[in-house]
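Quick note on labels: first sequence line is chain A, next is B, and so on, each numbered from 1.
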Amino acid sequence: MEKYNPSSIEKKWQDVWEKQGLYKAKDFDARKKFYTLIEFPYPSGAGLHVGHVRSWSAMDAYSRKKRMEGFNVLYPIGWDAFGLPAENYAIKNKIHPSIAVEKNIETFKRQVKSLGLSFDWSREVNTTDPKYYKWTQWIFLKFFEKGLAFQADVPVNWCPSCKTNLADEEVQPDGTHERCGNPTEKRMQKQWLLKITAYADKLLEDLKLVDYSNKIAVQQVNWIGKSEGVMFRYKVKDMNIHFEMFDTVPQTFMAQTFTVIAPEHPKVYELVKGTEHEKPVMEFVEKIKQKKARKKFDIEKEKEGIFTGRYTEYTPNGKLLPIWVASFVIYEYGTGVVNASVHDERDFAFAKKYNLPLHPVMFPKDPELAEKVKNLEVCYHHEPDGILQEPEEFKGMRWQDARGPIIKYIEQKGFGKRSSQFHLRDWVFSRQHYWGEPIPIIYCRKCWEFKVQSSRLAAKRAKFKVEGRDYRVIDGEEYAIVPVPEKDLPVELPYLEQYEPSGTGESPLAKVTEWVNVACPECGGAARRETDTMPNWAGSNWYFLAYLFASKLDQKSLKFNPSASLRSSTPRSLRRSSRGLSPEGLEEARVQNSKLIKEDNIFEENKDVIKYWMPVDIYQGGFEHTTLHLLYSRFVYKFLYDIGVVPTPEPYAKRRSHGIVLGPDGRKMSKSFGNVINPDDIAGKFGADTLRVYEMFMGPFDQTIAWSEESVEGCFRFLKRVWQLSLTKVSDSKTSAQLLTSLHKAIKKVGEDLENMKFNTAVAAMMEFINSWQADAQGLSKEDLEKFLLILAPFAPHVTEELWQRIKNNESGPSISSSGSREIMNNGENHNSSFIIHNSIHSRSWPSYDPNLLVEGEITIAVQVNGKVRDSINKS
RNA sequence: GGGCGAGUGGCGGAAUGGUAUACGCGGUAGUCUCAAAAACUACUGGUCGCAAGGCCGUGAGGGUUCGACUCCCUCUUCGCCCACCA
């Protein structure tokens with residue numbers, strides 16, 4: 001008998017499917033649409049990981065079943081190729097990132113294609129393609145236009161030895177630079193930010209509209225971290241400074257006895273300027289800043305502080321609260337200033353250390369413990385049964401019950417206002433690296449000077465002048481921030497031979513004066529480009545939209561022409577001589593430039609396609625992306641919804657995540673451990689079908705699991721048995737009743753398990769069935785074999801197609817020969833040969849089961865006495 | 001410190017209130033073979049027993065129930081994520 005030989009059938013069918021365009025999704029098809037999305041890969045130099053295969057095979061099986069159920073399925077793939085890993089890989093291997101990316105994509109593509117995944121390759125996108133990132137930049141311009149992209153001072157990781165900014169991942173837990181081992185520090189630098197906090201409430205609320213697994217939803221809720229409380233506002237004694245402080249436990253507002261402020265707070269200097277406290281306080285601030293650069297600082301939780309010599313005028317209890325700079329106050333959360341009391345563990349510990357006043361207002365019922373609270377021996381906090389003593393109006397009330405009334409009271413008295421704060425921070429959106437989308441902004445000195453001089457605009461300026469939004473200070477001079485006009489997009493990334501991070505903390509692009517210097521699009525005067533690039537998240541924010549009109553992006557791979565690209569990156573419109581400066585002229589230029597050119601807008605053009613496909617029906621990805629990519633892309637999509645670009649408030653109707661695949665030793669796969677499994681090796685040895693089946697069978701889809709070569713062989717055996725039984729144990733007579741029951745049970749189980757993404761038990765059910773088949777004396781009828789092949793097809797598409805075609809050809813003529821099948825591959829047509837290619841198994845309908853057949857002829861009844869099995873009875 | 005999840009044979013795991021250990025791996029014995037591999041067949045939680053059969057058994061303890069891996073309470077171990085969030 002002919003042996004099961006995957007290598008002789010897999011490539012053959014992959015080519016046939018591709019030629020037939022079997023997996024192409026059809027826009028506006030009358031069938032119901034189904035959009036399956038996997039996270040598009042970053043094409044690393046290491047090639048395809050078995051983890052990719054796990055997720056993509058499973059979602060492939062899912063998509064194939066949906067297709068068989070009559071859905072118009074879209075299952076696309078693309079490349080997320082900008083970012084730090086690509087740049088570091090390029091630097092290390094001394095290849096230009098554009099070339100490295102191209103090469104890596106080629107390898108990936110070959111590997112992915114050899115697995116027989118049903119991706120629609122006609123929709124492939126690449127984030128580093130200028131035709132693609134044109135629209136990444138366009139989205140940025142829209143954010144800028146709506147005031148949601150702005151610049152602000154942000155602490156960045158800085159390595160003084162390498163003179164470069166670092167991503168958090170490059171700083172080791174002890175605060176040293178991963179590459180050179182020297183200590184790093186935090187320093188403030190102007191960065192672009194996207195105001196994701198403006199969408200915090202919507203991002204939280206709209207989780208109700210989607211079906212995310214509990215784990216994912218909970219993590220998003222925690223990350224957004226909404227807390228409600230009261231915002232107080234008080235004056236600093238003898239100064240024209242007011243501080244706002246947020247408090248989530250306003251019930252104990254009468255207990256506040258001192259104020260603490262974060263070391264990074266810019267007002268700290270004002271508080272101590274010119275006083276005896278200036279020197280020690282500013283030295284303390286420096287010391288803490290350096291300590292905070294170390295990640296371990298968080299864990300040490302040491303509390304240090306210093307008195308500023310200033311006091312808060314705290315009106316509710318008429319006290320003056322000493323203001324201390326304290327290490328544990330988080331500048332980024334709330335306002336960076338907090339009033340402290342005995343009823344908070346941190347404040348309590350701090351007060352004890354520096355002998356600060358404390359004043360309890362809430363006591364436990366237990367008199368012994370109450371005495372300890374009164375004597376300041378213990379910190380008493382957040383116990384629901386705490387009884388308030390102050391203010392007088394609420395004396396004797398339970399802490400928990402007093403919350404609402406006290407907030408009302410505080411608002412009535414004018415002490416503070418109800419408020420909520422979020423853990424979520426604005427998104428730092430600029431990087432001082434080469435390999436990213438250039439931020440489409442131009443800085444113009446002339447425009448700003450003119451605006452300052454123009455009396456009409458001066459009034460406006462007083463109202464709207466915001467540093468980082470309207471102007472930017474560069475080398476001590478103010479520049480207007482001018483967006484690149486939409487018609488001049490994309491701002492192409494120039495080809496650089498030297499793209500290593502510069503020694504100034506600036507982007508390497510800053511050194512390319514040819515590229516940096518441009519004519520201002522508004523006034524035509526000499527201006528300069530923004531040289532920061534976008535983070536690697538930028539391109540992945542909207543790629544699932546790009547798939548919908550990929551062919552219209554006019555794909556071309558990113559090929560640099562070193563001499564031409566610098567010139568071409570300065571559009572003609574920016575090269576013409578300066579226009580006359582007048583308020584009218586400037587306004588006119590601004591209007592012209594910001595106009596959305598409808599006929600040229602890809603989103604506008606493809607509104608109907610977007611409407612047809614969105615939202616994504618299921619988005620499958622790694623759990624590690626729950627808080628960053630998933631939240632970011634929801635935010636960007638919601639923004640696009642608000643400006644009328646997309647038709648739904650949420651991009652993903654359903655989100656699930658998968659567990660990671662560990663090495664055979666149970667550790668994370670890594671070159672340094674030598675435990676990396678290459679999918680090519682497995683597919684080469686056992687075939688792609690076996691690899692796919694194994695990765696679905698290895699364990700529950702959402703669970704972390706270690707690789708096991710022995711178990712791979714088990715799956716190979718399974719497919720071998722399917723092959724052998726299909727060729728030997730099929731008869732023209734009817735299938736026995738027992739085996740038929742077994743088959744229909746499998747059809748039911750596999751269908752339900754696929755729907756619920758329980759891939760492991762679906763495979764087990766098919767294994768169970770072939771065990772019965774093997775044990776059965778007579779075997780399957782041809783018709784029933786077809787049914788079994790249909791349910792196995794989503795898992796093992798190649799072997800099932802081969803067997804399917806053989807059955808069909810047996811019916812209608814001579815069977816397919818191995819030499820004949822090679823001809824299909826070569827010619828793509830089946831003319832003048834002795835066989836016919838029948839419709840692919842993958843375009844057939846999912847089989848149904850007969851509920852009447854699920855009941856076995858003979859059943860076993862267990863006899864239980866007091867819940868214990870005592871006997872069993874067989875009954876027909 | 002907070003959140004989420006998990007603990008079942010030698011191993012990966014199945015069973016979500018009703019015969020615990022499906023399916024796979026590994027192991028033992030056998031068939032085939034000059035031999036090996038492959039394949040096939042049977043057995044494979046512990047324990048007592050010649051056997052029939054009994055007893056024990058899902059991290060530990062308690063509870064609900066005719067009946068609990070499954071539901072509730074207490075504890076414990078492990079994993080992941082977040083972490084001085086006022």
Listed nucleotide nearest any side-chain atom of [X], set [options]:
X: A:E768; options: B:rA22, B:rG24, B:rA86; value: B:rA22
X: A:N771; options: B:rC23, B:rC4, B:rC85; value: B:rC23
X: A:Q774; options: B:rC40, B:rA86, B:rC4; value: B:rC40

Could you give the distance separating [M] and [N] at their [atom1] atoms, to the nearest angstrom?
N: B:rU58; M: B:rU16; atom1: C1'; result: 14 Å
N: B:rU44; M: B:rA52; atom1: P; result: 12 Å
N: B:rG63; M: B:rU19; atom1: C1'; result: 25 Å
N: B:rG13; M: B:rA6; atom1: P; result: 13 Å
N: B:rA86; M: B:rC66; atom1: P; result: 47 Å
N: B:rC75; M: B:rC4; atom1: P; result: 16 Å
N: B:rA60; M: B:rC69; atom1: P; result: 12 Å
N: B:rU65; M: B:rU70; atom1: C1'; result: 13 Å

For [N], what is the paired nucleotide under Watson-Crick or G-U wobble rules, both distances under 3.5 Å?
N: B:rC55; value: B:rG46
N: B:rC66; value: B:rG18
N: B:rC40; value: B:rG30
N: B:rA6; value: B:rU77
N: B:rG1; value: B:rC82

May I have the distance from [X] (atom [atom1]) to [N] (atom [atom2]), rounded to whole angstrom?
X: A:H381; N: B:rG1; atom1: NE2; atom2: C1'; result: 10 Å
X: A:I216; N: B:rG3; atom1: CD1; atom2: C1'; result: 15 Å
X: A:I224; N: B:rG3; atom1: CD1; atom2: P; result: 18 Å
X: A:Y694; N: B:rG24; atom1: OH; atom2: P; result: 15 Å
X: A:M231; N: B:rA86; atom1: CE; atom2: C1'; result: 11 Å
X: A:F232; N: B:rA86; atom1: CZ; atom2: P; result: 14 Å
X: A:Y331; N: B:rA86; atom1: OH; atom2: P; result: 19 Å
X: A:F328; N: B:rA86; atom1: CZ; atom2: C1'; result: 8 Å

Scan nucleotides 11-17 of chain B nucleotide by nucleotide, 5' to 3', and note B when protein non-hydrogen atoms come under 4.0 Å of the base, S if they reach only the sugar-phosphate, - if neither. -BSSS--

For [X], answer base if it contacts any base atom (sugar-phosphate contacts may also be present), sugar-phosphate if it contacts only those atoms, and nothing otherwise; contact means non-hydrogen atoms under 4.0 Å.
X: A:R425; value: base
X: A:V329; value: base
X: A:V338; value: base
X: A:N339; value: nothing

Check the phosphate of B:rC85 against A:R346, side-chain N and O only, distance under 4.0 Å to OP1 or OP2. Yes or no?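 Yes, because at least one side-chain N or O of A:R346 sits under 4.0 Å from OP1 or OP2 of B:rC85.
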
Quick one: pull up CZ in A:F258 and NE2 in A:H359 and give me the separation to the nearest 0.5 Å.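 Answer rounded to 0.5 Å: 14.0 Å.
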
Can you check whether A:F718 and A:F697 have ring centres sitting under 6.0 Å from each other?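 Centroid distance A:F718-A:F697: not below 6.0 Å, so no.
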
[X]: what forms a side chain to side chain contact (heavy atoms under 4.5 Å, CB included) with it, not counting sequence neighbours?
X: A:D211; answer: A:K654, A:R656
X: A:D153; answer: A:M188, A:K190
X: A:S657; answer: A:I216, A:F623

Side chain to side chain donor-acceptor pair (under 3.5 Å) partners of [X], counting only residues at least two apart:
X: A:R655; result: A:E39
X: A:D681; result: none
X: A:K720; result: none

Going by the salt bridge (charged side-chain N to carboxylate O under 4.0 Å, His left out) test, which pairs reach into [range], not counting sequence neighbours?
range: residues 756-771 of chain A; answer: none
range: residues 689-698 of chain A; answer: A:D60-A:R692
range: residues 699-710 of chain A; answer: A:K685-A:E709

Within the sub-3.5 Å range, which N or O atoms of nucleotides 26-33 of chain B have a protein N or O partner, and how far apart are they?
none

Which label fits B:rG9, syn or anti, where anti is any glycosidic angle not within 90° of 0?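 Syn conformation for B:rG9.
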
Looking only at side chains, do [X] and [Y] share a donor and an acceptor under 3.5 Å apart?
X: A:Y4; Y: A:T690; value: no
X: A:T259; Y: A:T312; value: yes
X: A:T626; Y: A:Y212; value: no

Shorter than 3.5 Å, N or O on both sides, protein versus nucleotides 78-82 of chain B: list them out with atom names.
| residue | atom | partner | partner atom | Å |
| --- | --- | --- | --- | --- |
| B:rC81 | O2' | A:Q219 | NE2 | 3.0 |

